[in-house]
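To start, the structure itself, in structure tokens.
Just so you know, these numbers use all the heavy atoms, side chains as well, and skip hydrogens, waters and symmetry mates. Please read these numbers as outputs of a predicted model, since none were measured by experiment. This chain uses plain numbering: 1 for the first residue, then up along the sequence.
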Amino acid sequence: MSKDKIKEEQEASGGRQDEGAGEEKIEQEMSQEDISGGEDSESWEDSPEKEDSQDKEAEESPDQAGQEKKKGKQDPRDVQIEELQDRLKRQMAEFDNFRKRTEKEKSAMYEVGARDIIEKILPVLDNFERGLAAVPEDLKGGSFAEGVEMIYKQFIKTLEDAGVEAIEAVGQQFNPDLHNAVMHIDDEAYGENEISQELQKGYKYRGTVVRHSMVQVAN
């Protein structure tokens, strides 16, 4: 056998060996990839994180779909109805506030007017009291004096029903919110800042002072 033929056979056998070795290496790499890929896929499919994500998607998807459907297919008439309802609620609230404010203003105006009338009536009441105090002792039991006294009591009752009340003075401690001190005396029979005499009655209307009592304060 010649040297050239022997060389050709060696080259052919070496190529076949290289091809076989290459194919074997590729097969080993493919088998390793299949094993690793299978393990990863099995671990992900069986993991609780995947189950949780699938459950969340299943829970959220119907709501999201419903909201998108509602937004996309909302009837324009429903939108207009909602706007009209909102406007109506606002107007009703404004009207209620206006009604309350009007009632408060009317009440304040009524009280101001009533106080003005009471202030004008009080001098008449003072004259009634002065007239009764000036009646002589021998005429106090007469029909005329009794008639005047009955009218006076009726007058007082009418004012009380309207919310007018007299301010207590004699024997009370001096209160600048209720009393107006015009005289001062030193008398050990009275306490400190005690009212010893009432010179003119004071009156309140619904808890508000209409006229301060004119008093004399001791010590």
Side-chain angles (χ1 to χ4, degrees), residues 80-219:
Q80 187 176 8
I81 290 171
E82 291 179 358
E83 292 177 354
L84 292 174
Q85 288 178 344
D86 183 66
R87 188 182 303 175
L88 178 62
K89 291 178 181 178
R90 292 177 181 272
Q91 290 180 351
M92 290 178 66
E94 291 177 358
F95 177 76
D96 187 57
N97 293 333
F98 170 76
R99 179 180 59 80
K100 292 178 179 178
R101 185 170 62 253
T102 303
E103 290 178 354
K104 187 176 181 179
E105 291 175 355
K106 287 172 63 178
S107 178
M109 291 174 63
Y110 174 79
E111 290 186 3
V112 170
R115 289 184 60 183
D116 185 54
I117 296 297
I118 292 168
E119 287 177 357
K120 293 178 180 179
I121 290 175
L122 290 180
V124 179
L125 183 60
D126 295 337
N127 291 331
F128 254 115
E129 293 175 348
R130 293 189 186 100
L132 290 172
V135 175
E137 290 293 333
D138 57 344
L139 297 178
K140 285 184 178 181
S143 60
F144 179 77
E146 289 181 355
V148 173
E149 189 173 357
M150 289 177 63
I151 295 172
Y152 170 75
K153 290 180 179 180
Q154 185 181 8
F155 194 11
I156 293 294
K157 180 67 166 56
T158 303
L159 291 176
E160 289 177 352
D161 293 341
V164 180
E165 59 179 334
I167 297 174
E168 295 183 4
V170 177
Q172 302 293 321
Q173 287 291 314
F174 174 75
N175 185 352
D177 294 331
L178 302 176
H179 310 123
N180 180 21
V182 295
M183 295 180 65
H184 182 272
I185 61 169
D186 293 328
D187 192 341
E188 295 180 357
Y190 298 97
E192 186 72 20
N193 288 330
E194 184 178 347
I195 297 173
S196 59
Q197 185 179 359
E198 183 180 52
L199 305 176
Q200 187 182 57
K201 279 188 177 182
Y203 293 90
K204 294 188 294 184
Y205 172 67
R206 295 185 177 180
T208 303
V209 176
V210 177
R211 187 177 74 181
H212 291 75
S213 297
M214 192 179 297
V215 298
Q216 174 183 270
V217 181
N219 303 321

Pairwise distance CZ(Arg206) to OG(Ser107) - rounded to 0.5 angstrom: 6.5 Å
Spatial distance of atom CD (Gln80) from atom CD (Gln85) [nearest 0.5 Å]: 11.5 Å
Contacts of type salt bridge (Lys or Arg N to Asp or Glu O under 4.0 Å), residue Lys120, not counting sequence neighbours: Asp116
Minimum side-chain heavy-atom gap Val182-Val215 below 4.5 Å: no
Lys204 vs Ile167, side chain to side chain contact (heavy atoms under 4.5 Å, CB included): CA-CA, chis, key distance, verdict: CA-CA 7 Å; Lys204 294 188 294 184; Ile167 297 174; 3.6 Å; yes
Partners meeting side-chain hydrogen bond (donor to acceptor under 3.5 Å, both in side chains) with Glu137 (sequence neighbours left out): Lys140
Set of residues satisfying side chain to side chain contact (heavy atoms under 4.5 Å, CB included) with respect to Thr102, sequence neighbours excluded: Phe98, Lys106
Counterpart residues, side chain to side chain contact (heavy atoms under 4.5 Å, CB included), relative to Gln172 (two or more places apart): Glu168
Asn97 side chain vs Ala93 backbone, donor-acceptor pair below 3.5 Å: yes
Worked check of side chain to side chain contact (heavy atoms under 4.5 Å, CB included) between Phe144 and Val135: CA-CA 10 Å; Phe144 179 77; Val135 175; over 6 Å; no
Beyond-backbone contact of Val210 with Leu122, side-chain heavy atoms, under 4.5 angstrom: yes
Nearest-0.5 Å distance that lies between atom CD in Gln154 and atom CG in Leu159: 11.0 Å
With sequence neighbours excluded, residues passing salt bridge (Lys or Arg N to Asp or Glu O under 4.0 Å) with Glu83: none
Flag, side chain of Asn219 to backbone of Tyr190, donor-acceptor distance under 3.5 Å: yes
Non-neighbouring partners of Glu103 that pass side-chain hydrogen bond (donor to acceptor under 3.5 Å, both in side chains), sequence neighbours left out: Arg99
Ile81 CD1 to Leu88 CG distance, which is reported to the nearest 0.5 Å: 13.0 Å
Counterpart residues, side-chain hydrogen bond (donor to acceptor under 3.5 Å, both in side chains), relative to Lys89 (two or more places apart): none
Partners meeting side chain to side chain contact (heavy atoms under 4.5 Å, CB included) with Asp126 (sequence neighbours left out): Glu129, Arg130, Gln200, Arg211
Worked verdict on His179 versus His212 for side chain to side chain contact (heavy atoms under 4.5 Å, CB included): CA-CA 5 Å; His179 310 123; His212 291 75; over 6 Å; no
Side chain to side chain contact (heavy atoms under 4.5 Å, CB included) assessment of Ile118 paired with Tyr203: CA-CA 9 Å; Ile118 292 168; Tyr203 293 90; 5.6 Å; no
Non-hydrogen atoms of Tyr205 and Ala162 that approach each other most closely: CE1-O, 3.2 Å
Set of residues satisfying salt bridge (Lys or Arg N to Asp or Glu O under 4.0 Å) with respect to Asp86, sequence neighbours excluded: Arg90
Asp138: salt bridge (Lys or Arg N to Asp or Glu O under 4.0 Å) partners, not counting sequence neighbours: none
Check: Val209 main-chain N/O paired with Arg115 side-chain donor or acceptor under 3.5 Å: yes
Point-to-point distance, once rounded to the nearest 0.5 Å, from CD of Gln173 to CD1 of Ile195: 8.0 Å
Counterpart residues, side chain to side chain contact (heavy atoms under 4.5 Å, CB included), relative to Ile185 (two or more places apart): Asp187, Ser196, Gln216, Ala218
Ala189 backbone acceptor or donor facing Glu194 side chain under 3.5 Å: no
Flag side-chain contact, heavy atom, 4.5 Å: Ile151 against Phe128: yes
